[in-house]
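Here's the structure we're looking at; comments come further down.
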Amino acid sequence: MLAYIVRRLWQMLPTMLGVVVLVFVLFNWVGGDPAYILAGKMANADSIANIRRQLGVDQPFYVQLWIFIRQIATFDFGLSWATSEPVSNIIATRLGPSLTVLIPLTVLETLIGIALALVIAFVRGSLTDRAVMIACTVGMSVSILVYIIVFQYGLAYKLGLFPVQGWDGLRYAVLPILIGLAVSIAPTLRLFRSFVLDEVGQDYVRTARAKGVSERRVMWVHVLRNAAIPILTYVMSNLPALLIGAFLLERFFGIPGIGREVILAVERSDFPVIKAITVYVAAATMVFNLLTDLLYQAVDPRVKLS
Amino acid sequence: MVHGAWRRLREDRVAMVSLAVVVAFLLMVVLSASGLIVADWEEEVGVNYAPPSFVGGTAAVSAPAAQQQQALPENPFDPIADDIRALRAGSVEMYGVVDPLADDLAQLRAAGEGAAAGAVARRATLPFGGDKWGHDIIKKTIKGGETSIVVGLVAAVLAVGLGTLFGAMSGYCGGVVDDFFNWFYSIFTAIPSVLMILAVAAVLQQKGVLTIVLILGLTGWTGPYRLIRAEYIKHKAREYVLAADAIGASHWRKMFGHIFPNVSHVALVQMSILVVGFIKAEVILSFLGFGVPVGVVSWGSMLNEAQNELILGRWWQLTAAAIAMALLVTAFSLFTDALRDALDPKVKA
Amino acid sequence: MTLLDVRNLRIDFRVDRKSTAPAVKGVSFSVPRNATVALVGESGSGKSVSALAVMGLLDQAALIGEGSCIEFDGRDLLALDGKQRRAMCGKDMAMIFQEPMSSLNPVFTVGAQIAEVLRQHMKMGSAQARCRTLELLEEVGIPEPAVRINAYPSELSGGQQQRVMIAMAIACEPKLLIADEPTTALDVTIQKQIMELIARLQKRHAMSVLFITHDLGLVAEIADQVVVMRHGEVREAGEAKQVLTEPADAYTRALLHCRPKLDERPHRLPVIADFLGPTAVVPAQAGTHTPRSATLSMDSGVRRNDGGDGGDGGDGGTPLLEVRNLSKVFSQRQGWFGKREFHAVKDVSFTLARGRTLGVVGESGSGKTTVGLTLLRLHQASGGSVLFDGRDLLSMSAREFQAYKRRIQIVFQNPYASLNPRFTVGDILLEPMRIHRIGAGDRERKAIALNLLDKVGLPATAYQRYPHEFSGGQRQRIAIARCLTMQPEILVCDESVSALDVSVQAQVLNLLQDLQDELGLSYIFISHDLSVVKYMADQVMVMQHGAVVELADADTLYRNPQQAYTRALLAAIPQSG
Amino acid sequence: AAPVKTLRYILPAAEASFDPALGRDYYTGHITEAIFETLYTYDYLARPVQLAPQTAAALPEVSADGKTYLIRLKKGTYFTPDPAFGGKPRELTVADYVYSWKRLFDPRLASPNAWLLEGKVVGLDALAAQAQKSGRFDYDAPVAGLEILDPYTLRIHLTHTDFNLGMILAYEPLSAVAREVVQKYGDSKGEVAGHPVGTGVYKLGEWIRGSRIVLEENTGHRPQVWDFQPSAEGDERIVQQMKGKKIPQIGRIEISVQVEDQSRWLSFISGGADVFWLEGALAPKALADGKLKPELAQRGVQLSRIVDPELSYYYWNMQDPVVGGFSKEKVALRRAIAMAHDVDEEIKLVLNGEAQRLHFPIPSGVAGHDPNYQPLLRYDPVLANQLLDRYGYKKGADGWRTQPDGKPLVITYTSRNEANGVLMAELWRKTYNRLGIRMDNQRMIFSDIQKAEMLCKVQSRTYQWLADYPDGDNFMQLFYGGNIGQNNNGCYQDAQYDAWFEASHRMPPGPQRDALYRKMARQLEVQAAVMPAFSRYRNMLAQPTVLGYKKHPILHQEWKYIDIKD
Ligand code: HEM
Ligand SMILES: Nc1ncnc2c1ncn2[C@@H]1O[C@H](COP(=O)(O)OP(=O)(O)OP(=O)(O)O)[C@@H](O)[C@H]1O
Ligand SMILES: Nc1ncnc2c1ncn2[C@@H]1O[C@H](COP(=O)(O)OP(=O)(O)OP(=O)(O)O)[C@@H](O)[C@H]1O
Ligand SMILES: [Mg+2]
Ligand SMILES: [Mg+2]
């Protein structure tokens, strides 16, 4: 087990290296030149040269790449170019609000998705099933931008059910979570339903019925335990991406999270922040994949980690 | 096989209705692209933010329509309006600065005064309202649909094409090739797609609709890749491929002559899923400022414009674009579901 | 004294919104108490569906027709509601399914799955259920039950999985046990053990068993009564002895005759059509098909292909193919650098003469297919040489070998899988000719293809159709036709008939025989079915764990097996009449 | 004690560094201005704006040649207590200002504000050059031009005549920071981004970066009483509401950062903000024809509307081979484009009417503005087309014009890739369409535009310049040839203009300088190098409970001068 984990971590190196090089090339080669923003409205060639020197962007590429790799190795990405805030501090402070929204969102989404999927799979083929599926599809087809604009306007402002925006604890997270749910539950439900249906058709389900097990137990015990495997993969692999993907919610509701920070950083050509977040999220993705595989073993005895 | 799929599809009423909607949209795209309809969408036929006719041109719009109809707008609050009028007459204090074009302009003024273009009367209301410039929202929505759908389709073709090619090579060749593509894949998937899109957008700068297609295509290939690769690995071990080998077929022939027809349904389904995804993604791209260039309209750019209009009580652009998009996307998704079932070899009629 | 009485059972399947297709058309049979009834019949005849109907496990697409009646222990099952039905399932009647692996829930331990029945029906506590589970595992012969009780299905072998299924089924000592082809997925040797186990349990627990199979050989060993089904109807029912020895129905007779027997070697095997067609005749009187050696004992050694090149068995004739020390190692990568090696074929040597057949037998996984594929360079050999007309195929360049691909061909283990499902039969047949530039143009190639279709007994209309539109036997013939387009000299037939129904199997074997007679082909005939190999081969090679255990003249081998392994294989063959 | 009065405010963008030396954006400026103090500030009510002492005891004593400034400090101004001071009260001295100004030249800090003093103070530039070479700034080295007479008196010697230094000293990058604080909290560059310690009325309280900033009253601030004179109608009410009150009345400012327009507006209208910056896109929500909508007026919402001291202008790159140059046909091309551009439409549609047409390069409210200036470039598309015809920009069969030499004519208009940039580009496309000239819209992120501009690579763009200090010089320098590569983005260089500018630069404000400015403006117009377009309105809304509020054109915020009803 330990050997497996060590080996998997070892295997992450080439991928990480690829991510690093890709990020580096993209942002050093093509990204905007921060010096021109930092130089202010009365910039001149000298001051720009000075800024470039201070930032180290006047160094040859290989030196910069080496610095970047050293930063990753030491978990110290230096200071944000735009705000001079230590990058590690940015990530630490933005993570909390992001997770405050994302964790309840993911948990609710998964639980509701599973419950509905099992119920719907049970009545598969019926009118209810089709109606729910079509409703889901319609729900999915509306852009998240529209959801946010309309929900914020309607629920928060017109009806006054929630604070319009702001960030001061969980109360402010409720509406973003609700919108997140409204947007994500439809595709999740569709997906989970297909996972469940895949299992319902399996022979072992017939065996369970042959044993005289009740229909409820068949669904909630036999089927769910098996469907949990693809569900787990989906949920786990989605998490890191969600961290960034929630930027629209974060922007509209003024949540000081990671997603908004990334967009802001791109707008400001704040490379240390972008690079750090990318590397961290890539690492998180890989670690989550590993976690998923470890969890697999807990759920699915057929999986042998070796 | 194809025949059976089509028959199964025809029996599905939802699928057929969806297909009809999709075809209607595609028809609209063709007509608008060939200039047969809505070629004049850019004409400013209404007053700005003309409300829909069924709502009526009430106080919702503050700008008086009459002001628009002047040939040369003149600001009534302009404190120097008199000076401007004086200017028209010709003389103006030059503070001792010489105008190199003075003679030319004097001659031209003398030659043809007043050939001002006659401004068209603008309508106070439009069937489904107007936008900021007074464009007809219906026409704009159709024109926007053209861009969005074309972007979705072409980007999906690109993404699925890349994904299929890489997936085929990776799955078929295995070994080092597979390792390489997998490495590439894990890099692409480790970086969240938003970041990837921003990065690629930054690389490609703004060059128009093609850029959007490239951005989406270059970041969207991972999904098809994973599936196609898995299919290729599965099929490579199938005996019909060994059989093809036994009769002396070349690798290329086996990859694309034998295996591809068997996995093409995966590519097809992926493609229709991506079309939907990309139409939606274009909205977000617009929001992030990587949208269509000026003079081109898409649903994404409309929704993005409409963001600020909703709080001003001008809901029609948002509604039109959102409904058009929802309709197409719903129909496309439902059709995709049906197609997936119909093409699924496991489901036998 | 009947336990289960099925009367006039009719089952239709919903095809689409409007139409239905009948699967079972008014079947009646009964199972007496404490007896074994075998339900036999060809694939798709409605055996499983009938059994599922008894258990109440049919899926939603199935409609049980009016007037159908299933009476169990005096109660009308069809009149019960779901809950009452459920209470009986697993307790009064239990079922064992065809595929043990997929029928066990992969994510629960086998102990938990057995205990679930006990807790459900016997209201046992967990400790008590565990005790009983251990007993059951012991009883079905699982070694070390205390350890295995915590094992997951994937950690058990196929035979053990099937035993777990049986343990689960007998846990509540049901009155009726339905076994739906419980051994088809298993090896011959394991098959035998399972059959014995069921027979033993039946006696000990005084159960009734409804045993479903299509193998009449098995039936003779265990059944008291036999019910023969075809096309959703019962063709014949009665005491086992009587049905098997004096079949009244033509179909039953056909089933009994189509299977090659160890003790006789007819030149042609009878096929179902011979019995059921308009000109159906009793086999004994069918002149052309009279088994030539029906009266000869094994010892007489009359060779079927004595009209061949006159050579005598394996030692005669010019060796066309000579295989020396062929070996194949599969290495699986583990991680980035690690490797795990697996010797699938070890030092296999044999020779094959023109116009002769080499049979290759051995249990599943013994390396038979690998030998075949390696010969054709479809797997890269790890060592040894394959001399074809004196030239080593394995050391040639790919370009040189291309020419030899024409001369040595293989019919794959599973014909359906080896035909590209998206190609028409025409595409399938033309492609090799295009690649090898046989024939002047597509028109000429098409003529060759049609001619071959005719030769393998398929209609010309087959040309435009897709593989899935054919039956298993027909597909096998398409696969053979594809090989023949290249006019090979050696044909490797890998389990060419094992996946087929007895009746179809006979057709294909006959075809191969005819082709050998006509074209002088050499065969390497791979199978794990010793009766079939006996029928086809001049020489037999027995393989185990990748190595050759025994290689001998066919008759010699069967009469006088030298190795224990060969004897075990032979003993496992069901001794049907 | 009485409950602390709280004012809620919304910033439309995230804050950056709180170190005044690095202040580079308007939003962060709100906060640095509240925490730190400059020597001078502006009178709250006087219009046109008037310089007023802040930490200084009085306005500077300027020598007749405009080269020497004598500055005296008020006594008894203290920094807010901080561990960096070792528990002792720390009084502000002129040395703190000298230190703070020197920081602008520290190469490690790379301050964007060095230009404020660059080339002005005797000896400072030499020190900066030396630091540039060694990489380290020697703060202890004396500067001849910054003569500390005693802790409360400073004499500044300038290299050349400059009557604007007083206003520059009111600019918040020149506020005082304490050296101890920089040494204790400064980062590797010496920047104190997150730990602002100043002498201002407020100090930093709770802070969630990019989301929420709370300012609390600095109770140790030197006592100050509200006493301003009315200068315009409506001011009396303010005076009445505020006169004699202690500064500040509001003890706590809660600032939240909200990027999206909709969120911001919904926040204000549902009572989530007391003072609200009503920006362009939102203006129609609250205003109709420049007046508060009746429903808001009824609720008692107050509007303070001013014209920003800002110039929005279009420029064409004078070094560009297609649009640039002084030859007649190039001038004609640019003049034609300028004449075909409907600025009124732009104001109406793009800016939602929230701007005032401006013909002169110096906006109103800024010294040197001429309200009676008669423009030469005016909207006349017909004439514009005729002018092009005359100069050989022929229309091809496809309806598009070519250059006189027959080469295709395509002009690129650059804008930012956000909503307003798109709208402006759309309008410009209409302009070019009117002329039959093909237009390409290049949309870039801000830093890329800056870079391209600085390298004279942008063909045409709309540019905004907000007054750093309310003097015409701050605007006329935009077109000075010496500033190419700095902020003369059109890369305009004309000997005549440069000569006039240099002359005006040395003059105190007055009619003589104004006359020169008119010539310069006319010169710009005649050559059509740039076209002044408009100044934006700034609309601030205040809830009915807010007392004494009036938007100041230069100050970022007026928190300390206002009050809130209990
Ligand atoms: C180097 C730091 C700064 C950056 C990166 C920056 C960024 C920007 C940008 C991108 C624009 C839009 C201009 C356009 O459309 O081309 C803008 C406009 C503006 N800036 Fe700045 N700015 C900076 C410094 C300042 C300062 C120091 C002030 C005030 C003293 C200021 C006040 C304004 C104003 C009033 C506008 C017009 C508002 C509008 O967009 O409607 N900016 N700024
Ligand atoms: N779920 C189903 N839907 C539609 N048709 C079905 C279904 N299950 C079985 N059938 C049809 O019912 C008929 C009888 O099937 P059944 O499974 O009973 O055959 P069988 O005799 O058990 O054959 P085998 O020996 O291959 O197991 C077949 O024609 C089959 O196609
Ligand atoms: N591509 C492969 N990679 C790894 N191992 C393989 C591969 N192909 C076959 N094997 C292994 O080699 C052994 C021999 O396989 P082979 O297919 O030759 O058996 P077989 O005798 O044909 O069995 P069956 O009767 O089931 O067809 C098996 O244990 C199998 O698992
Ligand atoms: Mg069956
Ligand atoms: Mg095999």
Side-chain angles (χ1 to χ4, degrees), chain B residues 42 44 48-49 62-63 67 72-75 77-80 83-84 86-88 92-102 104-105 107-109 111-117 132-134 201-202 205-207 286 288-295 301 304-305 307-308 310-314, chain D residues 260-262 265-266 281-282 284-285 288-290 328 331-332 335 342 344-345 347-349 353 357 359 371-376 378-383 386-387 390-391 416-419 421-423 425-426 428-430 439-445 448 515 518-519 521-523 525-527:
Chain B
E42 259 193 302
E44 297 172 355
N48 79 325
Y49 291 127
S62 59
Q67 196 191 321
L72 298 178
E74 209 172 79
N75 191 341
F77 306 106
D78 194 341
I80 53 171
D83 302 318
I84 291 181
L87 263 171
R88 287 240 165 84
V92 64
E93 166 63 58
M94 293 300 286
Y95 308 115
V97 176
V98 186
D99 182 355
L101 302 183
D104 293 313
L105 286 170
Q107 278 174 24
L108 287 173
R109 278 210 188 86
E113 181 84 41
K132 196 177 192 76
W133 307 105
Q205 285 296 342
Q206 281 305 292
K207 287 285 180 291
S286 279
L288 290 176
F290 299 108
V292 292
V294 61
S301 69
N304 205 35
E305 276 174 37
Q307 247 195 88
N308 285 329
L310 185 68
I311 40 171
L312 303 180
R314 290 149 192 161
Chain D
E260 298 299 332
D261 289 338
Q262 164 163 321
W265 173 252
L266 295 182
L282 288 174
K285 196 66 200 160
D289 298 327
K328 261 181 147 184
V331 174
R335 289 269 289 261
D342 188 347
D344 292 313
E345 189 183 12
I347 291 174
K348 181 167 178 294
L349 291 186
R357 182 77 170 88
H359 296 286
N372 298 318
Y373 179 78
Q374 295 186 335
L376 191 66
R378 53 190 177 78
Y379 183 62
D380 191 345
V382 179
L383 190 61
Q386 289 166 344
L387 196 59
R390 172 168 268 222
Y391 277 93
R416 297 184 54 208
N417 53 1
E418 35 92 271
V422 177
L423 280 179
E426 273 176 13
W428 272 101
R429 207 173 82 93
K430 284 172 68 176
M439 188 198 91
D440 203 20
N441 174 220
Q442 188 180 33
R443 261 181 258 161
M444 307 202 270
I445 59 171
D448 288 345
R518 276 192 287 274
K519 279 179 184 295
R522 185 62 87 214
Q523 180 79 352
E525 261 190 310
V526 157
Q527 291 167 342

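If you're wondering where the values come from, they're calculated on a predicted model, not measured in any experiment. Residue numbering restarts at 1 for every chain, and letters A, B, ... go by the order of the sequence lines.
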**OP:** Please round to the nearest 0.5 Å and tell me the distance separating atom CD of B:Glu42 and atom CZ of D:Arg429.
**Re:** 4.0 Å

Subject >> Engaged part of B:Asp104 at the chain D interface, taking heavy atoms whose separation is under 4.5 Å >> reply: both

**OP:** Provide the closest heavy-atom pair for D:Pro284 versus B:Arg314 in the form atom of the first, atom of the second, distance.
**Re:** CB-NH1, 4.5 Å

Original post:
Just wondering, do B:Asp99 and D:Glu525 contact through their side chains at under 4.5 Å, heavy atoms?
Top reply: no

**OP:** Take B:Lys132 and D:Glu426 through the test salt bridge (charged side-chain N to carboxylate O under 4.0 Å, His left out) and record every step on the way to the result.
**Re:** CA-CA 11 Å; B:Lys132 196 177 192 76; D:Glu426 273 176 13; over 6 Å; no

Subject >> Shortest non-hydrogen separation from D:Lys519 to B:Val97 and the atoms involved >> reply: O-CG2, 3.5 Å

Original post:
Which atom names give the shortest non-hydrogen contact between D:Ala332 and B:Leu101, and what distance separates them?
Top reply: CA-CD1, 3.6 Å

Subject >> Close side-chain approach of D:Leu387 to B:Leu105, heavy-atom, < 4.5 Å >> reply: yes

Original post:
Considering only heavy atoms from C-beta outward, does the side chain of B:Glu305 approach that of D:Val422 to under 4.5 Å?
Top reply: no

Subject >> Non-hydrogen side-chain atoms of D:Arg518 and B:Glu93 separated by less than 4.5 Å >> reply: no

Original post:
Heavy-atom distance under 4.5 Å to chain B: side chain of D:Leu423, backbone, both or neither?
Top reply: both

**OP:** Specify which of D:Arg390, D:Lys328, D:Gln262, D:Glu260 makes the most heavy-atom pairs with chain B at under 4.5 Å.
**Re:** D:Arg390

Original post:
Do side-chain atoms of B:Arg109 reach the backbone of D:Leu383 as a donor and acceptor pair under 3.5 angstrom?
Top reply: no

